[in-house]
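Side chains included, hydrogens not; waters and symmetry mates left out as well; all remaining heavy atoms used.
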Amino acid sequence: ASAGSLARTLGVMNITRASAADAEAISALIHLLSHHFLARPEGPETTVFFAATNAASMAKHIEDPARLYLLAKSSDTLLGFISLKDRTRISQFFVHPEHQRQGIGSALWQAALSAFLASQGACLTVDSSQYALNVYRHFGFVPEGPVTQAGGVVYIPMRRRARDDA
């Protein structure tokens with residue numbers, strides 16, 4: 001995005017902490033993008049995944065003190081979110097397809113770094129979908145293992161050293 005369009009996008013966006021009231025919108029966004037990381041669109045593992053990411057499950061995650069959910073919203077519309085666990089792990093990071101490549105992911109990333117992630121020198125980890133691999137590379141992550149499948153989810157384990165210039 002050009003600097004002008006990025007400024008306009010970010011000018012109408014707010015980044016806030018999620019509450020249980022946001023669980024339904026978060027769940028819907030995960031399910032919308034699940035085709036990018038699920039091994040199969042249907043089957044027992046997919047059913048388990050959808051149950052683990054339904055609104056009720058997401059509300060429990062949001063209320064977990066070891067986790068932080070940051071949302072990017074414009075008015076009442078969820079544009080994207082990032083979920084952090086134990087100050088060292090990105091557990092979820094999604095931007096709605098209609099709002100990708102507008103600086104929303106970068107803004108969420110910067111907010112996450114300043115709000116919660118590990119101190120300088122600590123490693124950060126994420127299990128990236130193949131679809132998001134270049135996004136995480138842009139944020140300084142490097143693959144640390146082969147493409148893996150667990151629980152019906154296909155991912156690449158990645159690691160990043162925390163640094164000041166994130």
State the [atom1]-[atom2] distance between [X] and [Y], to the nearest 0.5 angstrom.
{"X": "I82", "Y": "Q110", "atom1": "CD1", "atom2": "CD", "value": "10.0 Å"}
{"X": "I104", "Y": "L71", "atom1": "CD1", "atom2": "CG", "value": "12.5 Å"}
{"X": "F139", "Y": "M158", "atom1": "CZ", "atom2": "CE", "value": "11.5 Å"}
{"X": "M13", "Y": "S75", "atom1": "CE", "atom2": "OG", "value": "13.0 Å"}
{"X": "R160", "Y": "L124", "atom1": "CZ", "atom2": "CG", "value": "5.5 Å"}

Would you call K85 and D64 a salt bridge, using N to O less than 4.0 angstrom?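 Here K85 does not pair with D64 in a salt bridge, since their nearest N and O are not under 4.0 Å apart.
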Are the charged groups of R89 and D127 less than 4.0 angstrom apart, N to O?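 Judged by the 4.0 Å cut-off on N to carboxylate O distance, R89 and D127 do form a salt bridge.
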Quick one: does [X]'s side chain get under 4.5 Å of [Y]'s, heavy atoms only?
{"X": "H31", "Y": "F50", "result": "yes"}
{"X": "D22", "Y": "Y69", "result": "no"}
{"X": "Y155", "Y": "L133", "result": "no"}
{"X": "W109", "Y": "I90", "result": "yes"}
{"X": "F81", "Y": "I15", "result": "no"}
{"X": "H96", "Y": "L79", "result": "no"}
{"X": "L38", "Y": "V153", "result": "yes"}
{"X": "R67", "Y": "L84", "result": "no"}

Between R137 and N134, is a side-chain contact (heavy atoms from CB on, under 4.5 Å) present by the stated rule, with each step listed? CA-CA 5 Å; R137 282 187 170 137; N134 286 333; 3.6 Å; yes
Could you tell me if S91 and S83 have a donor-acceptor pair between their side chains, going purely by distance under 3.5 Å?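 On atom types as modelled, these side chains qualify, holding a pair under 3.5 Å.
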Exercise: do T46 and R40 side chains pair donor with acceptor under 3.5 Å: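 No pair is found: no donor N or O on one side chain lies under 3.5 Å from an acceptor on the other.
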Over all heavy atoms of both residues, which pair between G145 and I156 is shortest? Give the atoms and the distance, please.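 In this case the closest contact between G145 and I156 is O-CG2, 3.8 Å.
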Please report the shortest heavy-atom distance between A18 and I26, naming the atom on each side.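 Smallest heavy-atom distance, with atoms named: CB-CD1, 4.1 Å.
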Give a yes or no on whether [X] and [Y] share a hydrophobic cluster (residues Ile, Leu, Val, Met, Phe, Trp, Tyr; joining criterion: side-chain heavy atoms under 4.5 Å apart).
{"X": "V95", "Y": "L68", "result": "yes"}
{"X": "L70", "Y": "L113", "result": "yes"}
{"X": "F37", "Y": "L108", "result": "no"}
{"X": "L33", "Y": "F49", "result": "yes"}
{"X": "M58", "Y": "L32", "result": "yes"}

Is the backbone of [Y] close enough, under 3.5 Å, to the side chain of [X] for a donor and an acceptor to pair up by distance?
{"X": "S57", "Y": "A55", "result": "no"}
{"X": "S74", "Y": "T77", "result": "no"}
{"X": "S27", "Y": "T53", "result": "yes"}
{"X": "Q102", "Y": "E98", "result": "yes"}
{"X": "N54", "Y": "A56", "result": "yes"}

Above 12 or not: heavy atoms from other molecules or residues under 6.0 Å from CD of Q149?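 Above 12, so yes.
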Take the angle between the ring planes of F93 and Y136 and call it parallel below 30°, perpendicular above 60°, tilted in between.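 Because their plane-to-plane angle is over 60°, the rings of F93 and Y136 count as perpendicular.
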Using the side-chain contact (heavy atoms from CB on, under 4.5 Å) rule, take L29 and L78 through it: C-alpha gap first, then chi angles, then the decisive distance, then the call. CA-CA 8 Å; L29 182 56; L78 179 64; 4.1 Å; yes
